[in-house]
Each structure stands twice: as C-alpha cells, then as structure tokens.
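First up is the structure itself, then whatever we jot down about it.
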Amino acid sequence: MARQRILGAFALATIASAAAASVDTSPKPGGAYRLKPGIYVQKGVACASAPNAAIRQYDGRGISSAHSRSCSVHVLSRRGTRYEVVQSCIGAGSGPAPRFSERQTVTVQDALTFTLRTRGNGTAYRYCPTYMLPADLQAATKRD
C-alpha cells in the first residue's frame, strides 16, 4: 500500500512537472539585464495588436526594435535595478546598415518589465508570451 502511494505521488509529480514545462519553454531570465528573453510591448498596448513602434525584443545581449538588430550593451554603471548603458545596434531590421550607438537608462522592475529611457521620460514595457503575439511575431520568435 505504501509503495502504491509513493508510485502514485511520483506519477503525479511527473505529470505536474511535464505540464509546467509545456506551459513555458522559453529561456529563463538572464543576460545583460536579467530579463526574460523575448518580445516586450509598451505598457497599455495589447500584445496581440501592438504596432512596431511599441515592440522591443530582448535577446540577453540588448534590446532591439523593428528598426534595429544585433544589439549589445556596455554597462557604464548600475545602481540597484537602474543601468546606465551604451547600446550598439545595426540600424535596420534587415539588410545592410551601419552600426550606431546610443546612451540609455534601463530600469528593470522585475524579470518581465522594464523602463527604457533615451531622452526625456522613459517608456515602460512588459513581457508578452509567444501565444499572445500576432501570428507573424510568433513565427519570428520561433526562428530566433
């Protein structure tokens, strides 16, 4: 009887961990900002219908937009959750383009939200799980 309870508990634990693993298979938070890699959308904008201007992508090395790629940050200073950085990116979403650098302040509230400021007030972004994104973005995240 005790053996059956142990085997039953093991089976339930195995099923629960498999179910949890199937829910979120994306990478864990980490990289330059300890954010979850993926697509972030400006707070107040729906993940499923966000315009390009409201979308950012974090890949662990930097935060890109629809008009930049291959971004990497050089951290100048960090105070708690606030990073002063210089980010370098290729200045186009695709095709040939020069690399440019920009000074930024990134404040990481938690692994799923951050505020990005280049000038003036910052813009807050939140993580959007792949299943909440439009089909074209879902396909793009699977290729990355």
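The first residue of the sequence shown is numbered 1, and numbering continues consecutively from there.
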In the structure I gave you, are the side-chain heavy atoms of Ile55 and Leu137 within less than 4.5 Å of one another anywhere?
yes
Is Ile39 close to Cys47 at the side-chain level, that is, under 4.5 Å between some pair of heavy atoms?
no
side-chain hydrogen bond (donor to acceptor under 3.5 Å, both in side chains): pairs with one or both residues in residues 41-55, sequence neighbours excluded:
none
Tell me which pairs pass side-chain hydrogen bond (donor to acceptor under 3.5 Å, both in side chains) where either residue lies in residues 87-100, with sequence neighbours left out.
Ser88-Arg99
Between [atom1] on residue [X] and [atom2] on residue [Y], distance to nearest 0.5 Å:
| X | Y | atom1 | atom2 | answer |
| --- | --- | --- | --- | --- |
| Leu116 | Arg56 | CG | CZ | 6.5 Å |
| Arg117 | Arg103 | CZ | CZ | 9.5 Å |
| Ile90 | Ser70 | CD1 | OG | 4.0 Å |

Specify the closest pair of heavy atoms between [X] and [Y], including all atoms of both residues, with the distance to one decimal.
| X | Y | value |
| --- | --- | --- |
| Tyr58 | Lys36 | CD2-O, 3.7 Å |
| Ala46 | Val41 | O-CG1, 4.2 Å |
| Tyr127 | Tyr40 | N-CD2, 3.3 Å |
| Val73 | Gly62 | CG1-CA, 4.2 Å |
| Pro134 | Ala48 | CG-O, 3.4 Å |

Hey, can you pull the donor-acceptor pairs under 3.5 Å for the side chains in residues 107-114, sequence neighbours left out?
unit_1	atom_1	unit_2	atom_2	d
Gln109	OE1	Phe114	N	3.2
Gln109	NE2	Thr115	OG1	3.0
Asp110	OD1	Leu112	N	2.8
Asp110	OD1	Thr113	N	3.1
Asp110	OD1	Thr113	OG1	3.1
Asp110	OD2	Thr113	OG1	3.4

Run the side chain to side chain contact (heavy atoms under 4.5 Å, CB included) check on Gln104 and Ile63 step by step: do they pass?
CA-CA 11 Å; Gln104 301 173 336; Ile63 299 171; 5.6 Å; no
Sequence neighbours left out, what passes side chain to side chain donor-acceptor pair (under 3.5 Å) with Arg126? Give chain and number order.
none
Under the salt bridge (Lys or Arg N to Asp or Glu O under 4.0 Å) definition, can you give me all pairs with a residue in residues 58-77, not counting sequence neighbours?
Asp59-Arg61
Report the residues that fulfil side-chain contact (heavy atoms from CB on, under 4.5 Å) with Ser68, sequence neighbours left out, ordered by chain and then residue number.
Ser64, Ser65, Cys71, Cys89, Phe100
Find out if a path of hydrophobic residues (ILVMFWY) with successive side-chain heavy-atom gaps under 4.5 Å connects Tyr83 to Val86.
no
